Amino acid sequence: MPLTVASVGEHYLIKKINGKEEVRRFLENLGFIAGASVSIISEISGNVIVMIKDSRIAISKEMAQKIIV
């Protein structure tokens, strides 16, 4: 399921990243790689703040839809 439908506060493992090569590379540079643990801290209008690798990162709804957990 895409990260946009995941529950706040739950921990998930990233299964895959969809999208164009530059989008996948951008997310990979932020730490979003297959097998990484991610949890949603908060969600506002579809945009999410996530915790990944001990960092909080805000990503748009469009980017979050490309992350499959």
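For the single chain, residues carry numbers from 1 onward in sequence order. None of these values were measured; they are calculated from a predicted model.
Side-chain atoms of V69 and L13, non-hydrogen and from C-beta on, never get closer than 4.5 Å to each other. With contacts defined as side-chain heavy-atom distances shorter than 4.5 Å, the pair I14/I33 does not qualify.
A pairwise comparison of heavy atoms in A36 and G31 identifies CB-O, 3.9 Å as the closest pair. Between E10 and S39 the shortest heavy-atom distance is O-CB, 3.2 Å. The nearest pair of heavy atoms linking L30 to I52 is O-CG2, 4.2 Å. P2 and Q65 get closest at one heavy-atom pair: CB-O, 3.7 Å.
Residues F32 and V23 are members of one and the same hydrophobic cluster, defined by side-chain heavy-atom contacts under 4.5 angstrom among Ile, Leu, Val, Met, Phe, Trp and Tyr. Residues V8 and M63 are members of one and the same hydrophobic cluster, defined by side-chain heavy-atom contacts under 4.5 angstrom among Ile, Leu, Val, Met, Phe, Trp and Tyr.
No more than 12 heavy atoms of other residues, nucleotides or ligands lie within 6.0 Å of CD1 in I44, so this atom counts as exposed by the packing criterion.
Here CD1 of I17 is found 5.0 Å from CD1 of I67. Values are rounded to the nearest 0.5 Å. Residue I49 holds its CD1 atom at 10.5 Å from CD of E43, rounded to the nearest 0.5 Å. The CE atom of M51 sits 10.0 Å away from atom CD1 of I57, with the distance rounded to the nearest 0.5 Å. The distance from the NZ atom of K20 to the NZ atom of K66 is 8.5 Å, given to the nearest 0.5 Å.
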Side chain to side chain contact (heavy atoms under 4.5 Å, CB included) between N47 and I59, worked out:
CA-CA 6 Å; N47 300 324; I59 56 175; over 6 Å; no
Where do V50 and R56 land on the side chain to side chain contact (heavy atoms under 4.5 Å, CB included) test, with the steps shown first?
CA-CA 6 Å; V50 299; R56 289 182 182 197; over 6 Å; no
Are T4 and V48 close enough, and set up right, to give a side chain to side chain contact (heavy atoms under 4.5 Å, CB included), and what steps lead you there?
CA-CA 8 Å; T4 53; V48 292; 5.8 Å; no
Evaluate the side chain to side chain contact (heavy atoms under 4.5 Å, CB included) criterion for residues N18 and I68: first the C-alpha distance (whole Å), next the side-chain angles of each, then the deciding distance (0.1 Å), finally the verdict.
CA-CA 8 Å; N18 292 328; I68 306 300; 3.4 Å; yes
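Of the possible donor and acceptor atoms, one in the side chain of Y12 sits under 3.5 Å from a partner among the backbone N and O of S7.
Between E21 and R24 a salt bridge is recorded (basic side-chain N to carboxylate O distance below 4.0 Å).
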